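Down below is the structure, laid out as structure tokens.
Please read all numbers here as calculations on a predicted model, not as lab measurements.
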Amino acid sequence: PIYAQEPVFSDDFSNGFGKWEDTRNTLEYWSVIDLQAQAFITTSSKLAELVPKDEYWNPEWKNIVYSLDYTYLQGADKNISFWYIRIIDTYVMG
């Protein structure tokens with residue numbers, strides 16, 4: 001049988017953005033309200049991105065399941081993005 005592992009990274013934002021860093025110096029757009037991370041951007045073509053800090057993330061982790069709860073505001077633009085690399089083992093027959 002296959003069993004799920006314990007989570008290796010999670011956050012309920014009870015410590016604010018202590019586990020996160022912004023990638024574009026845009027942390028001023030982010031806030032935590034009722035244990036939920038929120039971004040409020042008032043200009044067009046603006047990106048506000050958060051990533052886990054290195055001390056909370058291990059690049060050796062594989063087969064990651066990504067889960068989040070998402071609530072959007074009606075009438076506002078909505079975007080969630082993530083990036084991954086899929087590495088496929090290649091064997092060369094000789």
Compare every heavy atom of F9 with every heavy atom of P52, then report the nearest pair and how far apart it is.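 So the minimum-distance heavy-atom pair works out to CB-CZ, 3.8 Å.
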Going by side-chain hydrogen bond (donor to acceptor under 3.5 Å, both in side chains), name the pairs with one or both residues in residues 10-19, residues two or more places apart or in two chains.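 Checked against side-chain hydrogen bond (donor to acceptor under 3.5 Å, both in side chains) - neighbours excluded - the pairs reaching residues 10-19 are D11-W20, D12-S14.
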V51 side chain reached by E21 side chain, heavy atoms, under 4.5 Å: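 A side-chain contact exists here, since the closest heavy-atom pair is under 4.5 Å.
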Do the non-hydrogen side-chain atoms of Y29 and F40 ever get within less than 4.5 Å of each other?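 Result no, sub-4.5 Å side-chain heavy-atom pair not found.
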With sequence neighbours excluded, tell me which residues meet side-chain contact (heavy atoms from CB on, under 4.5 Å) with A37.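 For A37 the side-chain contact (heavy atoms from CB on, under 4.5 Å) partners, ignoring immediate neighbours, are F13, F17, W30.
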Applying the 4.5 Å side-chain criterion to the ILVMFWY set and letting contacts propagate, would L50 and L35 be lumped into a single cluster?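 Different clusters.
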